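All remarks here apply to the structure that follows.
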Amino acid sequence: MISPDSEKILTPQSDIFSIKLLQWFDMFGRKDLPWQKNPSAYSVWVSEIMLQQTQVNTVIPYYDRFMKTFPDLEALAQASENKVLHHWSGLGYYARASNLHKTAKIILSHYQGVFPETQEGLESLPGIGRSTAGAICAIAYKKSASILDGNVKRVLARHESIDGWTGHSKTLKLLWKAAENYTPTERIADYTQAIMDLGATLCTRSKPKCHKCPISDSCKSFIAGNPENYPKKKPTKKIPSKSVYFLIMINLDGKLLMQKRPINQLWGGLWTFPECDNIAEVSNSCDEFGQSAKTWSILPSSRHSFSHYHLDYSPVMIKSVAQNIELNRKDILWYDPNKPHEIGMPKPVTDLLVEIKKRY
DNA sequence: AATACGGGGAA
DNA sequence: TTCCCAGTATT
């Protein structure tokens, strides 16, 4: 017969959860990530935005470069949109960068350069939702606040055996409720880091290391022997394909014509080659830019995949006889591969520029 | 409530 | 291949 431990009996289960997690974090948690050094609202914000839908190892080099160039909120607010997007090129979800810049300007001009201190104040800013606001409150302000990102969703869905795809609002509500239930009032910054770390290192999507997990004894799915059944997969849906031609117009100076994309669309604010759907339109399309396409050659197509469709793009190399004419359009520039502008460009374009530089 | 939005990495 | 990820904004 084991004598009852009065302290444990009086400790609510929600507190046991965070205590175990914190003990584990002290032993095995990550404490040397670049954004963990001197956390300020600014650095937590930048890192959290970058980490949205993007994994740690991908973010690290971007974060280092970004903070070196924009060390504080004022530097970011005063930078050009092109430069901000330039430092985001390759990370994806470029609306994140546009919103980051927008929010920096709002805080500088309307908040005297000081971040809002409440969850609601933070959530009112472009690009900051419930989870990111919670992360800033918890990590930068040490206020008791909850987060719910991909890792936390997985940990909680398994621990509570919460069914359903996390994209369903019903499932999401249950997950938020669980997140709030376990959020402690003490050591909130470490706890927030701990539950994310657990999801990233032990409670992984496949082959979770439950034998090392500090909360496996209370984990419903572990007890049931089916942790990998949670969270439920997203309903599968076939994604369509789209084919386009990238018109790569090269003028007599060896510069390339590039066009800025509308800010609120795919690749918004980034610079790409003009596109056309049919090869028959190449000549007409070039005319629109004041270029007379004499000859062109079509390069083999490549595929770039988004979450919602595949893009098959065929580069069309066009030698233009036109000079470096003034186009008088704000959405057009001549790009010199040897003196590159600091502008944002999506992956297929940066890939093509590398190829072009090699071959021409 | 459903969809749009990038790119990388794991299996 | 297919799935998923340190989500938010828009429709």
Side-chain angles (χ1 to χ4, degrees), chain A residues 30 33-36 39 43-63 85 88-100 102-103 122-136 138-139 146-155 157 164-173 175-176 179 192-201 203-208 228 230-240 261-270 272 303-311 344-351:
Chain A
R30 293 178 293 188
L33 295 170
W35 45 88
Q36 292 178 319
S43 67
V44 172
W45 173 54
V46 171
S47 65
E48 288 298 324
I49 300 297
M50 283 191 174
L51 287 161
Q52 289 171 4
Q53 312 296 76
T54 310
Q55 293 179 355
V56 168
N57 286 333
T58 305
V59 165
I60 289 173
Y62 281 88
Y63 177 83
L85 287 169
W88 209 271
S89 292
L91 254 190
Y93 284 120
Y94 298 95
R96 292 185 295 173
S98 296
N99 284 332
L100 201 73
K102 215 184 289 176
T103 287
L122 290 164
E123 278 182 50
S124 74
L125 295 164
I128 301 183
R130 186 173 174 184
S131 189
T132 301
I136 295 171
I139 299 171
S146 305
I147 61 160
L148 190 63
D149 55 40
N151 281 324
V152 178
K153 282 175 188 165
R154 194 169 52 253
V155 169
W165 173 49
T166 57
H168 286 142
S169 61
K170 205 172 95 186
T171 310
L172 213 49
K173 264 183 198 163
L175 288 168
W176 270 113
T192 303
Q193 193 61 51
I195 192 164
M196 288 191 284
D197 264 17
L198 188 81
T201 62
C203 197
T204 47
R205 174 157 64 102
S206 56
K207 299 179 186 169
E228 289 194 72
Y230 303 89
K232 208 158 178 190
K233 289 177 187 173
K234 177 181 173 176
T236 54
K237 195 172 61 171
K238 239 191 200 160
I239 63 173
R261 303 177 70 95
I263 194 66
N264 48 3
Q265 295 177 24
L266 179 79
W267 289 340
L270 302 195
T272 59
R303 167 165 285 196
H304 181 78
S305 291
F306 302 103
S307 47
H308 48 312
Y309 68 90
H310 300 295
L311 179 69
M345 293 179 296
K347 182 69 162 46
V349 173
T350 54
D351 285 352

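Just so we're clear, the structure is a prediction, and the values are computed from it rather than from any experiment. Numbered from 1 within each chain, the chains take letters A, B, ... in sequence-line order.
- Look at A:T132 and you won't find any side-chain N or O under 4.0 angstrom from OP1 or OP2 of C:dA6.
- Look at CG on A:D149: it is 16 Å from P on C:dC4, rounded to the nearest Å.
- The main-chain N or O of A:C203 is found under 3.5 Å from a side-chain atom of A:R154 such that the two form a donor-acceptor pair.
- With P as the reference atom, B:dA11 and C:dA6 are 14 Å apart, rounded to whole Å.
- Residue A:Q193 is classed as a base contact, given a heavy-atom separation below 4.0 Å to a base.
- Counting heavy atoms of neighbouring residues, nucleotides and ligands inside a 6.0 Å radius, atom CG of A:N264 exceeds 12 of them.
- Nearest-nucleotide assignment on DNA chain C puts the 5′-proximal partner with A:H310, out of A:L33 and A:H310.
- Using a 4.5 Å cut-off on side-chain heavy atoms (C-beta onward), A:Y93 and A:I49 make no contact.
- Of the possible donor and acceptor atoms, one in the side chain of A:R261 sits under 3.5 Å from a partner among the backbone N and O of A:L266.
- A donor-acceptor pair under 3.5 Å is absent between the side-chain atoms of A:T132 and the main chain of A:G129, judged by distance alone.
- Between the CD1 atom of A:I263 and the C1' atom of C:dA9 there is a distance of 14 Å, given to the nearest Å.
- The residue A:V59 sits apart from the nucleic acid: no heavy atom pair falls under 4.0 Å.
- Distance check on atom P: C:dT10 versus B:dG6 gives 14 Å, rounded to whole Å.
- When heavy atoms are screened at a 4.0 angstrom cut-off, A:L125 is found touching the sugar-phosphate backbone but no base atom.
- Contact annotation for A:I128: backbone-only contact, meaning every heavy-atom pair under 4.0 Å involves sugar-phosphate atoms and none involves a base.
- In this structure, A:I147 atom CD1 and C:dT8 atom C1' are separated by 15 Å, rounded to whole Å.
- With rounding to whole Å, A:I139 atom CD1 is found 14 Å from C:dA6 atom P.
- A:R303 comes within contact range of the sugar-phosphate backbone alone, with a heavy-atom separation under 4.0 Å but no base atom that close.
- For the pair A:K153 NZ and C:dC5 P, the computed distance is 8 Å after rounding to whole Å.
- Residue contacts for A:T204: at a heavy-atom cut-off of 4.0 Å it reaches no nucleic acid atom on any strand shown.
- The backbone N or O of A:L85 lies less than 3.5 Å from a partner atom in the side chain of A:S89, making a donor-acceptor pair.
- Looking at A:T272 and A:P346, their side chains come closer than 4.5 Å, going by heavy atoms from C-beta outward.
- If A:E123 and A:L51 are placed on DNA chain C by their nearest nucleotide, the residue sitting closer to the 5' end is A:L51.
- Separation of atoms CG (A:D149) and CD (A:Q53) is listed at 9.5 Å; rounding is to 0.5 Å.
- A:E48 places no side-chain N or O within donor-acceptor distance of the main-chain N or O of A:G134, the cut-off being under 3.5 Å.
- Distance, A:L175 CG to C:dG7 C1': 14 Å, rounded to whole Å.
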Secondary-structure string, 5' to 3', Watson-Crick or G-U under 3.5 Å, | for another-strand partners, for DNA chain C: |||||.|||||

Protein-to-nucleotide contact annotation, 5' to 3' order, nucleotides 2-11 of chain B [B base; S sugar-phosphate only; - none; under 4.0 Å, heavy atom]: ---BBBSB-S

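- Residues A:F306 and A:L311 meet the side-chain proximity criterion, which asks for heavy atoms closer than 4.5 Å.
- Among the heavy atoms of the strands, none lies under 4.0 Å from A:S47.
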